[in-house]
Amino acid sequence: MFGNPEQIAAAMRQFADMLSAPQGSGPVNWDMAKNIARHSVAAEGDPSVMEGERRQIVDALNLADLWLNEATVLPSGVGNPQAWSRSEWIEKTVPVWRQLCDPVAARMVETMGGTLGAAGLPAEAQAMAGPLMGMMKQMGSMMVGQQIGQALGSLAREVVGSTDIGLPLSADAALLPGGVAAFSQGLETPADEIRLYLALREAAHHRLFQHVPWLRAHLLGAVEEYARGITVDVSALEEQLRGLDINNPEQLQQVLSGGALLKPEETERQKAALSRLETALALVEGWVGTVVSGAADGKLPSSAALGETVRRRRASGGPAEQTFATLVGLELRPRRLREAAALWRALEADRGVDGRDAVWNHPDLMPTADDLDDPERFVRGEPEFDLSGLEASLREPGDEGEEDGKDGDKGGGKENGGS
């Protein structure tokens with residue numbers, strides 16, 4: 001076992017990474033995850049944003065924000081437009097990823113700690129292996145951190161901004177010049193038009209996330225609730241870990257890749273969370289597409305073609321959605337994007353831009369999954385509430401009793417010979 005110095009050095013590096021996270025820091029070694037993600041994007045080239053590129057992005061976001069003033073009543077959400085490299089995207093979005101990934105990561109680490117620690121030990125020895133279990137949980141934290149780092153590095157090579165997956169990953173509107181260039185490949189459209197169209201989408205998302213106060217918590221809460229229902233397939237994990245060489249990073253990556261160990265429980269609560277999340281994502285994407293189309297109409301000749309490209313990319317699901325499924329066991333896809341867009345267009349035609357955007361004022365006013373089946377019915381809905389039932393429900397029980405008593409007295413007088 002001491003015959004190969006290179007293997008010993010690799011093992012020492014692995015354990016140094018494992019022990020680098022302080023106790024109680026959570027189920028994932030996020031410092032290691034960030035380092036792996038950054039090394040992943042650097043390996044394929046991640047140059048710093050040049051000043052000319054930064055100026056192009058900032059100008060596009062500012063112009064897009066100006067155009068949106070004519071298409072929505074929601075105020076600007078672009079206070080500090082930025083241009084990021086892929087490494088900067090990783091650094092800026094990790095706080096939200098931590099919030100999304102920790103619930104399911106905690107389950108994986110707990111299961112890994114028990115499985116790794118108990119492997120090959122007789123029953124009486126397992127009872128004495130408390131310190132070993134703690135170390136095994138740290139090893140599980142390292143392994144999950146490696147998985148998350150690889151997934152974030154893959155996702156960073158695909159995104160064009162901070163809102164590609166439909167969630168508010170950053171408070172600042174930003175585009176990645178490298179991501180915009182990758183998106184543009186194969187499109188016969190001028191680069192400045194593509195950049196401006198993507199800036200319109202980024203700026204529109206930030207108007208929603210910053211000026212609809214309940215939306216961020218609604219989206220992230222639905223993801224968290226769904227992730228809490230994720231379980232780890234212990235039998236599959238034991239099979240994967242049998243004979244695992246922790247000194248072999250490639251084997252570790254192969255074992256943890258693809259999210260095959262994550263299996264959602266088909267509970268009613270989880271189904272409700274998934275339905276709520278998919279509906280909310282579709283409504284966000286549908287509104288953004290409608291507003292961007294209105295803002296670009298007559299200004300960007302290629303807006304319709306670019307809009308269809310984005311819709312297909314979001315609706316069909318690409319590597320980004322697969323990466324997210326690896327991270328939290330969930331495909332983040334607005335499956336009913338076209339229905340949601342049709343609903344927003346119908347609302348605008350019937351109530352105008354102000355009436356359309358007023359629906360965001362409260363979550364109770366938002367369309368449901370059933371409303372996506374029949375947008376016209378939602379649009380035709382009565383704008384005023386019937387308060388007659390509310391008045392009856394707000395009566396004090398004593399008041400109702402007194403009125404019943406009075407009626408009873410009158411009725412009793414008649415029954416007892418009253419006129």
Salt bridge (Lys or Arg N to Asp or Glu O under 4.0 Å) between Glu348 and Arg345, intermediate numbers included: CA-CA 5 Å; Glu348 181 178 346; Arg345 289 194 298 268; over 6 Å; no
Check step by step if salt bridge (Lys or Arg N to Asp or Glu O under 4.0 Å) holds for Lys34 and Glu88. CA-CA 11 Å; Lys34 285 194 296 184; Glu88 288 174 317; over 6 Å; no
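One distance of note links OG of Ser85 with NZ of Lys92; it measures 10.0 Å at 0.5 Å rounding. If you take CZ on Arg276 and CE on Met366, they are separated by 13.0 Å, rounding to the nearest 0.5 Å. To the nearest 0.5 Å, atom CZ of residue Arg336 and atom OG of residue Ser275 are 8.5 Å apart. Remark: Ile194 CD1 to Gln185 CD distance equals 10.5 Å, nearest 0.5 Å.
Legend: residues meeting salt bridge (Lys or Arg N to Asp or Glu O under 4.0 Å) with Arg201, ordered by chain and number and at least two apart, are Glu285.
Using bins of under 30°, 30° to 60° and over 60° for the plane-to-plane angle, the ring pair Trp360/Trp344 lands in the parallel bin.
Considering all non-hydrogen atoms of both residues, Ile148 and Cys101 come closest at CD1-CB, 4.0 Å.
Surrounding CD of Glu188 are at most 12 heavy atoms belonging to other residues, nucleotides or ligands under 6.0 Å away.
Taking a cutoff of 4.0 Å between a charged side-chain nitrogen and a carboxylate oxygen, Glu44 and Arg38 do not qualify as a salt bridge.
The stretch residues 66-83 participates, sequence neighbours left out, in these side chain to side chain donor-acceptor pair (under 3.5 Å) pairs: Asp65-Ser76, Asn69-Arg207, Glu70-Lys299, Thr72-Asp357, Gln82-Trp84, Gln82-Asp172.
Looking at heavy atoms from C-beta onward, Phe183 lies in side-chain contact with Val310 at the 4.5 angstrom threshold. Residues Pro168 and His206 form no side-chain contact, since every pair of their non-hydrogen atoms from C-beta on lies 4.5 Å or further apart. A heavy-atom distance below 4.5 Å is found between the side chains of Leu347 and Phe378.
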